[in-house]
Amino acid sequence: IREKRNNQKLTQAYQRSSYEMYYLLSERLWHTDDYLNMIDSVTLKDLESFSKRFLNQTRISALFYGNFTRSEAFKLSSKLQKSFQRDQDPLPSEIIERTVNLPMGQNPHYEIQIEDVNSAIQLYYQAGPKTVEQTIKLDLLQQIIEKPFYHQLRTIEQLGYLVWSG
């Protein structure tokens, strides 16, 4: 696990910047460094205790798509439910992934040191609150600027191999 987490820090610049952006904008997320700091303190006893709690808190939601009859879907769903049925602990509060609302009028920036010969820049514009109409307008705007954006940065200015908007 340590190797996997350490290797995350060695990914290409654009991958690392995407990870850091996701981390900064998420309310409930631990950073790779948090995991690395915790690894040595987890014991076998901790893992055994966790696995029992984890299985007791497992709930199944299923979506059957394709060549299933309603009866087959219910039968398979019941079989799955029974295989996980135990004395179930109460579920923790609902897990909702949320994005941080950035303050209006501020231009926060974040720099990271990477171990890659390449560099990356990500600009993030937050628009909200989300509505169907706004989403359609943003999709249309993205389609309009995608090709000129790429042409300017990649072809004319030759700033990078990976260039995208959206």
Side-chain angles (χ1 to χ4, degrees), residues 1-63 65 84 89 91-131 134-166:
I1 293 173
R2 177 179 299 286
E3 182 179 3
K4 176 184 171 188
R5 295 293 177 175
N6 275 323
N7 285 342
Q8 284 179 315
K9 296 173 123 186
L10 303 174
T11 58
Q12 294 182 37
Y14 79 94
Q15 292 170 316
R16 182 74 189 275
S17 69
S18 292
Y19 169 80
E20 296 292 338
M21 176 78 74
Y22 180 66
Y23 168 73
L24 289 169
L25 293 172
S26 299
E27 277 188 2
R28 297 181 184 180
L29 188 68
W30 293 278
H31 195 274
T32 296
D33 292 335
D34 298 323
Y35 290 106
L36 287 168
N37 291 332
M38 179 60 72
I39 287 173
D40 291 333
S41 67
V42 177
T43 65
L44 182 57
K45 187 176 180 179
D46 294 332
L47 184 58
E48 289 169 347
S49 173
F50 167 78
S51 64
K52 288 176 187 170
R53 283 193 326 267
F54 174 75
L55 291 173
N56 284 341
Q57 292 178 344
T58 301
R59 302 295 187 275
I60 297 173
S61 295
L63 169 66
Y65 181 81
F84 281 95
D89 295 338
L91 283 173
S93 59
E94 186 177 348
I95 299 170
I96 299 173
E97 188 173 323
R98 296 176 193 251
T99 300
V100 172
N101 285 323
L102 298 175
M104 292 289 286
Q106 293 184 11
N107 294 315
H109 74 280
Y110 182 71
E111 296 178 24
I112 58 169
Q113 297 298 316
I114 57 169
E115 297 193 30
D116 188 10
V117 295
N118 298 306
S119 56
I121 296 174
Q122 278 200 17
L123 297 175
Y124 176 81
Y125 295 95
Q126 193 172 63
K130 190 173 185 175
T131 64
Q134 179 190 35
T135 301
I136 290 169
K137 289 175 181 176
L138 288 170
D139 285 347
L140 289 169
L141 182 60
Q142 189 275 329
Q143 275 190 330
I144 292 167
I145 69 171
E146 182 177 27
K147 290 194 184 332
F149 182 87
Y150 180 89
H151 179 71
Q152 180 67 36
L153 293 180
R154 176 74 175 103
T155 308
I156 294 174
E157 297 185 32
Q158 298 183 356
L159 287 181
Y161 183 72
L162 295 169
V163 174
W164 70 89
S165 67

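Across all non-hydrogen atoms, the minimal contact from Ala13 to Asn118 is CB-O, 3.7 Å. In terms of heavy-atom proximity, Pro148 sits nearest to Ile145 at CD-O, 3.4 Å. Nearest heavy-atom pair, Leu102 versus Leu25, reported as atom, atom and distance to 0.1 Å: CD2-CD2, 4.1 Å. Scanning all heavy atoms of the two residues, the minimum distance from Glu20 to Ile112 falls at CG-CD1, 3.5 Å.
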Pair Leu138-Gln142, side chain to side chain contact (heavy atoms under 4.5 Å, CB included): steps then yes or no: CA-CA 6 Å; Leu138 288 170; Gln142 189 275 329; over 6 Å; no
Side chain to side chain contact (heavy atoms under 4.5 Å, CB included) assessment of Thr135 paired with Asp139: CA-CA 6 Å; Thr135 301; Asp139 285 347; 4.1 Å; yes
Step-by-step side chain to side chain contact (heavy atoms under 4.5 Å, CB included) determination, Asp40 to Arg2: CA-CA 9 Å; Asp40 291 333; Arg2 177 179 299 286; 2.7 Å; yes
Trace of the side chain to side chain contact (heavy atoms under 4.5 Å, CB included) decision for Leu36 with Asn6: CA-CA 8 Å; Leu36 287 168; Asn6 275 323; 3.4 Å; yes
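No side-chain donor-acceptor contact under 3.5 Å links Asp46 and Ser49.
At most 12 non-hydrogen atoms from other residues, nucleotides or ligands lie less than 6.0 angstrom from CD1 of Ile121. Within 6.0 Å of CD on Glu27 lie more than 12 heavy atoms contributed by other residues, nucleotides or ligands. Around the CG atom of Leu140, the shell of radius 6.0 Å holds more than 12 heavy atoms that belong to other residues, nucleotides or ligands.
Between the OG1 atom of Thr11 and the CD1 atom of Ile114 there is a distance of 8.5 Å, given to the nearest 0.5 Å. Atoms OG1 and NZ, from Thr155 and Lys147 in turn, are 11.5 Å apart once rounded to the nearest 0.5 Å. To the nearest 0.5 Å, atom CD of residue Glu3 and atom CD1 of residue Ile39 are 11.0 Å apart.
When each of Gln113, Lys9, Glu115 is paired with Arg16, the side-chain contact (heavy atoms from CB on, under 4.5 Å) condition holds for Lys9 and for no other.
Residue pairs that meet the ring-ring contact (aromatic ring centres under 6.0 Å, His included) test with at least one member in residues 31-63, sequence neighbours left out, are Tyr19-His31, Tyr23-His31, Phe50-Phe54.
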